[in-house]
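First up is the structure itself, then whatever we jot down about it.
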Amino acid sequence: MRWSRYFWYTSKEDPADTEAPSHKLLIKGGFIKQVSAGVYEFTPPGVRVLRKIENVVRKEMDRSGAQEVLLTVLNPAELWKETGRWELYGRELFTLKDRNGRDYCLGPTHEEEITDLVRSFVNSYRQLPLILYQIQTKFRDEKRPRFGLIRGREFIMKDAYSFDADEFSAMMSYETMKFAYDRVFKKLRLKTLMVEASVGAIGGISSHEFVVLTDYGEARVAYCESCGYAANAEVVKLSKPQEEKEEERPLEQVETPSTDTIEKLSNFLGVPPRKILKAVLYIVDGLTPVMFIIRGDRNVDENKVSMVLGTENFRLAEDQELWELLRTKKGFIGPFNLNSSIKVYWDNSTYGVKNAVIAFNKPDYHYVNANPGRDFQYGEFVDVCQVEEGDPCPKCGASLRVSRGLEVGHIFLLGTRYSEPMRAYYKDPQGQEKPIIMGCYGIGISRCISAIVEQHNDERGIKWPTSVAPFELDLICVNPTDPQQKEVAEHLYLLSEEMGIETIYDDRDESPGFKFADADLCGFPYRIIVGKKVKEGKVEVQCRQTGEKWDVGIQEAIREVKKRIEEDKK
RNA sequence: CGGGGUGUAGCUCAGGUGGAAGAGCGUUGGCUUUGGGAGCCAAAGGUCGCAGGUUCAAGUCCUGCCACCCCGACCA
């Protein structure tokens, strides 16, 4: 491809309104252009990267026996009503009506549709197992799109669905996908961590996420460097700590004016936050108050709360509700003198404290030196504590590391969540009707572009792994007005095409620095520079990943680059 | 959905206290230049996010709305 004719425009200036390196570089490098919040266009080079990723995924899916389908973007509401998700999915669902007033949505995921497809053809155990997949644009009306392709409202996803006759077979399908995912991410040069994930309120059986560690992810991931345990922070179990050994001091009521945060209270009393018992009041389903007591230096993990409550429909109580329910205000909530209708849960972290500070619903007062058994009674213990760096690994007890991560893949053994309500049944060898066991497996294709850039960039720009680079080779003619340079460059261009190298030939009439800067920014794995040295029969080869550069004879240049490209792609 | 911020040329931004719409980059034409985002000359380019209001006069002040970005809660 001759750059002078190619629809590819980079920017010298950093784009405004971008934060994440991948977002910045993809826009600056002219791979994508924003159309509205979370909606992006792909330019020709952007599409080339996208297609390469798709093809890596496609190849590994096909290799593991999955078969490609193409479902629809426009989904009729009826299917979604069959599983109840028309209501459950909530505001994330992009919905619309046709001219006759019939309801549709733009598919955010395709369990309903694939189940419908399968139930209409599969009716015998002989037709199972089966794995179908598609690569399709999805739509989710996200509350907050973020970081370019990392979280869009329109995005491209590979979603696969497995159909099995029994749970054992379903586990096999699950494992097959797990291995396929490992291969995919290896080929994309994405360092991922496979973490245990929440099976969520829909009650799946098993679930793992493939996570890229980066500050611009939205998942919190905990992992153990000593035993290899890794999990989404929300599923890491934290148990009761050792009982503290400390002499019990006499209980006091202390006036603690306007200490409405743990920090203020801790400073005011000169007591470390871990000795303070914090109470948090939630309102469930808009009416039922539920109180959680947790150690002051810890935070409530609302994902864990939803597990305890069995619903996601809860929120923190507002100031007015605190007054109506407890006659107190924020900072002075405690488990004392409560109306019996208020359920109180004690987080495991509160176990065994001695001489604690705790509020008792009297504004501007706290108890100091409160001790369990003597001054208050524990109730039901739960685990709603957000995991922090250094917490004990639930497998081996070593210190956990906690880090932000970007979820690029998710595998989920669904069971019969969809097949049951949609009556996707098959007849077993005994002639019994049974629901198909399903699994679903996603890879965020467009998100992977960002993830790769997050892991492969430097201050000059992107460093694409060869397997996904828009072009493998950037051929730069330093001075196209020099007939000798021009001739050599044209020759090498033709030769590279002949050798099957994907080459962009930078024949633009621009200054050398301009072309070099673009080469760095756009991240081609290899660069051949045709410049002054052609007089000595040499050109320069550069490798973007390693930064090495060396001169080679004009005749050897293409062959040498070809060899390296082949190496990279293994 | 809560909190914060931004909106002026294609892009990045400047425009105290109201008084003729600006710069750099990019674009177009010309000349020069060619190993790290070149130089000189000339030119084109604007619904100052939108709608109201105050005022002799609004990019600037007031009200409402919209869009986008960031932080939190949620998804690949």
Side-chain angles (χ1 to χ4, degrees), chain A residues 9-20 23 27-28 30 33-39 57 89-93 108-109 135-160 181 197-198 200-201 209-212 216-219 232 234 299-303 305-306 312 314-316 318 405-412 440-451 460-461 476-482 485-486 508-521 527 529-534 539-540 542 549:
Chain A
Y9 303 99
T10 60
S11 160
K12 199 185 297 190
E13 219 105 34
D14 275 358
D17 294 337
T18 58
E19 186 85 2
H23 190 192
I27 290 178
K28 191 176 181 187
K33 184 191 165 297
Q34 180 168 20
V35 176
S36 76
V39 181
V57 172
Y89 211 91
R91 309 257 313 271
E92 319 281 276
L93 200 60
T109 172
I135 294 175
Q136 173 72 280
T137 300
K138 308 282 193 213
F139 296 84
R140 290 184 194 170
D141 198 355
E142 296 287 352
K143 288 168 195 154
R144 181 149 104 86
R146 274 217 283 199
F147 302 140
L149 299 183
I150 286 179
R151 180 169 41 181
R153 294 190 298 166
E154 173 175 327
F155 59 99
I156 298 168
M157 183 162 117
K158 183 285 304 178
D159 47 325
Y181 275 35
S198 159
E209 287 165 359
F210 291 77
V211 169
V212 168
Y216 293 94
E218 54 258 288
N232 192 310
E234 71 200 43
N299 289 312
V300 171
D301 184 326
E302 295 195 348
N303 295 301
V305 170
S306 79
E312 287 169 12
F314 59 87
R315 56 172 173 79
L316 282 172
E318 285 157 19
L406 178 60
E407 189 181 340
V408 288
H410 195 165
I411 58 179
F412 203 118
C440 70
Y441 314 90
I443 291 180
I445 301 273
S446 45
R447 176 178 279 186
C448 278
I449 299 177
S450 287
R460 290 167 178 274
I476 295 178
C477 184
V478 171
N479 180 5
T481 58
D482 176 334
Q485 287 186 25
K486 177 86 173 168
R508 293 175 300 176
D509 188 16
E510 294 286 354
S511 71
F514 184 95
K515 290 186 268 198
F516 293 153
D518 264 357
D520 291 332
L521 173 63
R527 181 187 320 179
I529 300 164
V530 181
K532 281 178 190 156
K533 292 173 203 149
V534 288
V539 293
E540 184 177 303
Q542 286 193 23
K549 44 178 89 170

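Here the structure is a predicted model, which is why all the values come from computation and not from measurement.
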For A/Ser11 and A/Glu209, find the nucleotide of RNA chain B closest to each by heavy atoms; which residue's nucleotide sits nearer the 5' end? A/Ser11

Expressed in angstrom and rounded to an integer, what is the separation of A/Glu510 atom CD from B/G26 atom C1'? 10 Å

Is there a donor-acceptor contact under 3.5 Å from the side chain of A/Lys515 to the main chain of A/Arg508? yes

Can you tell me the base-pairing partner of B/A67? Count Watson-Crick or G-U wobble geometry only, both distances below 3.5 Å, and say none if there is no partner. B/U6

Starting from C1' on B/C25, measure out to CG on A/Asp14 and report it in whole angstrom. 13 Å

Charged N to carboxylate O below 4.0 Å: is that the case for A/Arg91 and A/Asp141? no

In whole angstrom, give the distance that lies between atom NZ of A/Lys143 and atom P of B/G3. 16 Å

Should B/C1 form a Watson-Crick or G-U wobble pair with both distances under 3.5 Å, which nucleotide is its partner? B/G72

Of the listed nucleotides (B/G24, B/C68, B/G35), which one gets closest to any side-chain atom of A/Val478? B/G35

Ignoring the backbone of A/Gln34, work out which of B/C68, B/C1, B/A76 is nearest its side chain. B/C68

Would you say whether A/Phe514 stacks on B/G36? The test is a distance between ring centres of less than 5.5 Å and an angle between planes of less than 30°. no

Measure CZ/A/Arg146 against C1'/B/A73 and give the value in whole Å, please. 10 Å

B/A73, B/G36, B/G26: which one has an atom nearest the side-chain heavy atoms of A/Arg151? B/A73

Return the nearest nucleotide to the side chain of A/Phe516; candidates are B/C1, B/C68, B/G35. B/G35

Distance check: side-chain N/O of A/Gln485 vs OP1/OP2 of B/G35, anything under 4.0 Å? no

Partner of B/U33 under the Watson-Crick or G-U wobble criteria, both distances under 3.5 Å, comes out as none

To the nearest angstrom, the CG-P distance between A/Asp509 and B/U28 comes to 12 Å

I need the CD-C1' distance between A/Glu142 and B/C1, as an integer number of Å. 13 Å

Compare the minimum distances between each of B/A76, B/G26, B/C11 and the side chain of A/Met157, then state the nucleotide with the smallest one. B/A76

B/A42 pairs with, by Watson-Crick or G-U criteria that keep both distances under 3.5 Å: B/U28

Counting only side-chain heavy atoms from C-beta out, which of B/C1, B/A76, B/G36 sits nearest to A/Gln542? B/G36

How close or far is atom P of B/G7 from atom CG of A/Asp17, stated in whole angstroms? 10 Å

Proximity to the side chain of A/Lys549 - top-ranked nucleotide from B/G36, B/C71, B/C68: B/G36

Rounded to the nearest Å, what distance is computed from the NZ atom of residue A/Lys12 to the P atom of nucleotide B/G10? 18 Å

Looking at the side chain of A/Asp518, which of B/G37, B/G72, B/U34 is the nearest nucleotide? B/G37

Please determine whether a side-chain nitrogen or oxygen atom of A/Asn479 lies at a distance below 4.0 Å from atom OP1 or OP2 of B/U33. no

Taking the C1' atom of each, how far is B/G19 from B/U34, in whole Å? 50 Å

Should A/Glu92 and A/Lys138 count as an ion pair when the cut-off is N to O under 4.0 Å? no

Considering only the C1' atoms, how many Å lie between B/A43 and B/C62, rounded to the nearest integer? 41 Å

Which distance, rounded to the nearest 0.5 Å, do you find between the NE2 of A/His23 and the CZ of A/Arg146? 12.5 Å

